[in-house]
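For reference, positions follow the sequence shown, starting with 1. These numbers were taken from a predicted model, which means no experiment stands behind them.
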Amino acid sequence: MLIGELSRQTGLSKDTIRFYEKNGLIQSSERKAGSRIYREYSDSVIERLGMIRQGKALGFTLSEIRELTEAWEDGTLSRSKQVEVIRDKLAEIQQKMSNLQEMEDDLSIKLDKLTQTL
């Protein structure tokens, strides 16, 4: 399928799809039509883009997603490595949540001080 159809099926912009391809997250093949060369994407790219979207939603970087999807597809991602990756990401998320809680507490204190003087 061509990029326009892939964009329609995934809801991603053509620029996003091109960006992912440029960064090695997805692949396409070339198809020549007259003097033009088109990028053609297999149906499996739809699944890969879904994995990328899910990974981003879980807080993984594109670099982490590329590494994990490649290892997943070639069968080199052991169960212990999967556990390690998930534990590391959970620890990272918990740290971010703690930081956000501190920010919320600080803002609440400031808001209370400001509203007391009104």
*Asks:* For the pair Thr115 (side chain) and Leu111 (backbone), establish whether a donor and an acceptor sit closer than 3.5 Å, ignoring hydrogens and angles.
*Replies:* yes
*Asks:* Is it true that, when you exclude Asp106 itself, more than 12 heavy atoms of the residues, nucleotides or ligands shown sit nearer than 6.0 Å to its CG?
*Replies:* yes
*Asks:* Do Phe19 and Leu25 have side chains that get closer than 4.5 Å, going by heavy atoms?
*Replies:* no
*Asks:* Is there a side-chain hydrogen bond (donor to acceptor under 3.5 Å, both in side chains) between Gln95 and Glu92? Walk through the geometry before answering.
*Replies:* CA-CA 5 Å; Gln95 182 61 51; Glu92 183 181 317; over 6 Å; no
*Asks:* When rounded to the nearest 0.5 angstrom, what is the spacing between CD1 in Ile93 and CG in Leu100?
*Replies:* 11.5 Å
*Asks:* Classify the side-chain pair Ser44/Ser42 by whether it contains a donor and acceptor separated by less than 3.5 Å.
*Replies:* yes
*Asks:* If you measure only the distance, is there a donor-acceptor pair under 3.5 Å linking the side chains of Thr76 and Asp74?
*Replies:* yes
*Asks:* Just by modelled atom types, is the Thr61 backbone N or O under 3.5 Å from a matching donor or acceptor in the Glu64 side chain?
*Replies:* yes
*Asks:* For side-chain contact (heavy atoms from CB on, under 4.5 Å), just list the numbers for Ile65 and Met51, CA-CA rounded to whole Å, side-chain angles, deciding distance to a tenth of an Å, and then say yes or no.
*Replies:* CA-CA 8 Å; Ile65 292 168; Met51 290 172 66; 6.0 Å; no
*Asks:* Mark yes or no for whether Lys32, through its side chain, and Tyr38, through its backbone, hold a donor-acceptor pair below 3.5 Å.
*Replies:* no
*Asks:* Would you say the side chain of Ile46 lies within less than 4.5 Å of the side chain of Tyr41, judging by non-hydrogen atoms?
*Replies:* no
*Asks:* Hey, any chance Leu58 and Leu49 share a hydrophobic cluster, counting ILVMFWY side chains that come within less than 4.5 Å of each other, even indirectly?
*Replies:* yes
*Asks:* Taking the side chain as C-beta and beyond, is there a heavy-atom pair between Arg66 and Asn23 under 4.5 Å?
*Replies:* yes
*Asks:* Just so I know, are the side chains of Lys14 and Ser7 near enough to count as touching, which here means a heavy-atom distance under 4.5 Å?
*Replies:* yes
*Asks:* Below 4.5 Å, heavy atoms only, C-beta onward: do Phe60 and Ile52 meet side chain to side chain?
*Replies:* no
*Asks:* As an exercise, state the distance from CG of Leu6 to CD1 of Ile3, rounded to the nearest 0.5 Å.
*Replies:* 7.0 Å
*Asks:* Any heavy-atom pair between the side chains of Met1 and Val45 that's under 4.5 Å?
*Replies:* no
*Asks:* Which is it for Glu21 and Arg39 under the side-chain contact (heavy atoms from CB on, under 4.5 Å) test, yes or no, and what are the steps along the way?
*Replies:* CA-CA 10 Å; Glu21 184 172 8; Arg39 307 298 302 168; 3.1 Å; yes
*Asks:* What's the separation between atom CG in Leu68 and atom NZ in Lys89, rounded to the nearest 0.5 Å?
*Replies:* 9.0 Å
*Asks:* Apply side-chain contact (heavy atoms from CB on, under 4.5 Å) to the pair Ser29 and Glu40, showing each step before the final yes or no.
*Replies:* CA-CA 5 Å; Ser29 57; Glu40 191 159 43; 4.0 Å; yes
*Asks:* Are the side chain of Ser108 and the backbone of Glu104 linked by a donor-acceptor contact shorter than 3.5 Å?
*Replies:* yes
*Asks:* Please check if atom CD in Gln54 has more than 12 non-hydrogen atoms from other residues, nucleotides or ligands closer than 6.0 Å.
*Replies:* no
*Asks:* How long is the gap from CD on Glu5 to OG1 on Thr10, to the nearest 0.5 Å?
*Replies:* 9.5 Å
*Asks:* Quick check on Glu70: does its CD atom have over 12 non-hydrogen neighbours (other residues, nucleotides or ligands) under 6.0 Å away?
*Replies:* yes
*Asks:* How many angstroms lie between atom CG of Leu114 and atom CD1 of Ile109, to the nearest 0.5 angstrom?
*Replies:* 12.0 Å
*Asks:* Output the distance between atom NZ (Lys81) and atom CD1 (Ile86), rounded to the nearest 0.5 Å.
*Replies:* 11.5 Å
